[in-house]
Amino acid sequence: MTRIDLRDVVVTHPDRRRPPILAGIDLTVLPGEFVALEGASGAGKTTLLACLAGLDRPSRGLVALDGVDLRSLSPRRLAALRSHGVGLVLQRDNVLSALSVAENVGLPARIRGRPLPDTQVLEALHAVGLADRAEARPAQLSGGERQRVAVARCLASRVPLILADEPTEALDRHGAGIVVDLLRHQAERGCTVVMVTHDADAAARAHRRVLLERGMIRSDRR
Ligand SMILES: Nc1ncnc2c1ncn2[C@@H]1O[C@H](COP(=O)(O)OP(=O)(O)O)[C@@H](O)[C@H]1O
Ligand SMILES: [Mg+2]
């Protein structure tokens, strides 16, 4: 349900002699679109996702969510936007190790002051195939399972925007299909989804495929 606008987004390399990591990205994603962001390793995909999440600030250019320029938000407002309005599935460090799997899934709602019923948490864990791990600690899970906990957290929290960085990377074909179908289903319910992926089968399930090459958009196909 979130509209994304990027205008001339540049992220310079910390080593100024190297070319920029993002070299002028223009992209609009409409509410409810499911976009696959593809590209070779080092193309700038994770950096672009970090800019969308407000985790990274571009050196130049506009990042706007629903018309709100992220530069205009205080750190506090930005943090609030992230906890209420964005579901993140990162490549690693997705979950808090001191909390159980179920507590991690329920955390955004607790931060909002509206804890979820246990059934809603379990339903989301069931959808990602982790219903039997609800009481486990993240340390007992694999990296791929921890990523699926993050997917479950997005589902349970009903966020309007999901940003997922290679969510099928650590999964077999069957598991990858389940996760991509869940993301697609969220988009069909109106959630905007941007999924970074190397997996052509996963990308083919998206509504739109954007290919990044050396920090630039090389192609954009619907
Ligand atoms: N904090 C950083 N310091 C130095 N180089 C970085 C940093 N972040 C990203 N890069 C470089 O930027 C390029 C793009 O990185 P990244 O966005 O992670 O690409 P991708 O996710 O497409 O593999 C890579 O060459 C990477 O080494
Ligand atoms: Mg990456």
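These numbers were taken from a predicted model, which means no experiment stands behind them.
- Judged purely by atom type and a 3.5 angstrom limit, Q120 has no side-chain atom pairing as donor or acceptor with the backbone of P117.
- Heavy atoms of other residues, nucleotides or ligands lying less than 6.0 angstrom from NE2 of H185 number 12 at most.
- When all heavy atoms of L171 and A176 are compared, the pair lying nearest together is CB-N, 3.7 Å.
- Taking a cutoff of 4.0 Å between a charged side-chain nitrogen and a carboxylate oxygen, D165 and K45 do not qualify as a salt bridge.
- Panel note: side chain R82, backbone A53; a donor-acceptor pair is recorded below 3.5 Å.
- Side chain of E145 to backbone of S142: a donor-acceptor contact under 3.5 angstrom is found.
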Working for side-chain contact (heavy atoms from CB on, under 4.5 Å), residues I21 and L48: CA-CA 9 Å; I21 297 170; L48 186 58; over 6 Å; no
V179/Q147 under side-chain contact (heavy atoms from CB on, under 4.5 Å): CA gap, chis, key distance, verdict: CA-CA 10 Å; V179 164; Q147 256 188 323; over 6 Å; no
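- Under a 4.0 Å N-O distance rule, the pair R218/E38 does not qualify as a salt bridge.
- Considering only heavy atoms from C-beta on, I4 comes within 4.5 Å of V194 through its side chain.
- A distance-only check finds a donor-acceptor pair linking the side chain of R137 to the backbone of A98 [under 3.5 Å].
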Criterion salt bridge (charged side-chain N to carboxylate O under 4.0 Å, His left out) on R222 and E33, from CA distance to verdict: CA-CA 10 Å; R222 272 170 225 268; E33 255 188 325; 2.5 Å; yes
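- V149 is listed as a side-chain neighbour of V105, based on a closest heavy-atom distance under 4.5 Å.
- Taking a cutoff of 4.0 Å between a charged side-chain nitrogen and a carboxylate oxygen, D93 and R146 do not qualify as a salt bridge.
- Two residues are said to be in side-chain contact when any heavy atoms from C-beta on lie closer than 4.5 Å; T192 and I162 fail this criterion.
- The backbone N or O of P138 sits nowhere less than 3.5 Å from a side-chain atom of S97 that would complete a donor-acceptor pair.
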Evaluation steps, side-chain hydrogen bond (donor to acceptor under 3.5 Å, both in side chains), between H198 and E169: CA-CA 8 Å; H198 268 112; E169 194 177 24; 5.6 Å; no
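- The shortest heavy-atom contact between A156 and A124 is CB-CB, 3.8 Å.
- M1 CE to L161 CG: the interatomic distance, rounded to the nearest 0.5 Å, is 10.0 Å.
- Note on L116: it clusters hydrophobically with L130, by side-chain heavy-atom contacts below 4.5 Å among ILVMFWY residues.
- Hydrophobic clustering, with ILVMFWY side chains joined whenever heavy atoms are under 4.5 angstrom apart, groups V9 together with V29.
- Residue N94 comes nearest to R153 through the heavy atom pair O-NH1, 2.8 Å, listed as atom of the first residue, atom of the second, then distance.
- Side-chain contact between L22 and V10: absent, with no pair of heavy atoms (C-beta onward) separated by less than 4.5 Å.
- Closest approach of D132 to G129, counting heavy atoms only: OD1-O, 4.2 Å.
- Judged by distance alone, with hydrogens and angles left aside, the side-chain atoms of D56 form no donor-acceptor pair with the main-chain N or O of A50 at under 3.5 Å.
- Proximity of T197 to E166: side-chain heavy atoms (C-beta onward) are nowhere separated by under 4.5 Å.
- The backbone N or O of T12 lies less than 3.5 Å from a partner atom in the side chain of S59, making a donor-acceptor pair.
- No side-chain N or O of R133 forms a donor-acceptor pair with one of S100 less than 3.5 Å apart.
- The OG1 atom of T46 lies 4.0 Å from the CD atom of Q91; values are rounded to the nearest 0.5 Å.
- Looking at every heavy atom in both residues, G54 comes nearest to L78 through O-CD2, 3.5 Å.
- Side chain of R71 to main chain of V63: no donor-acceptor pair is present (N/O by atom type, distance under 3.5 Å, no hydrogens or angles).
- Two residues are said to be in side-chain contact when any heavy atoms from C-beta on lie closer than 4.5 Å; Q186 and R158 fail this criterion.
- The two residues V159 and C191 come nearest to each other via the heavy atoms O-SG, 3.4 Å.
- With contacts defined as side-chain heavy-atom distances shorter than 4.5 Å, the pair P58/C51 qualifies.
- Atom CG in L96 sits 10.0 Å away from atom CD in E103 (nearest 0.5 Å).
- Counting only distance, with no hydrogens or angles, the side chain of R112 and the backbone of S157 share a donor-acceptor pair below 3.5 Å.
- With rounding to the nearest 0.5 angstrom, the NE2 atom of H13 is 9.0 Å from the OG1 atom of T47.
- Between the side chain of D5 and the backbone N or O of T28 there is no donor-acceptor pair closer than 3.5 Å.
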Trace of the side-chain contact (heavy atoms from CB on, under 4.5 Å) decision for L88 with L49: CA-CA 9 Å; L88 279 178; L49 223 55; 5.8 Å; no
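- Considering only heavy atoms from C-beta on, C154 stays 4.5 Å or farther from L183 through its side chain.
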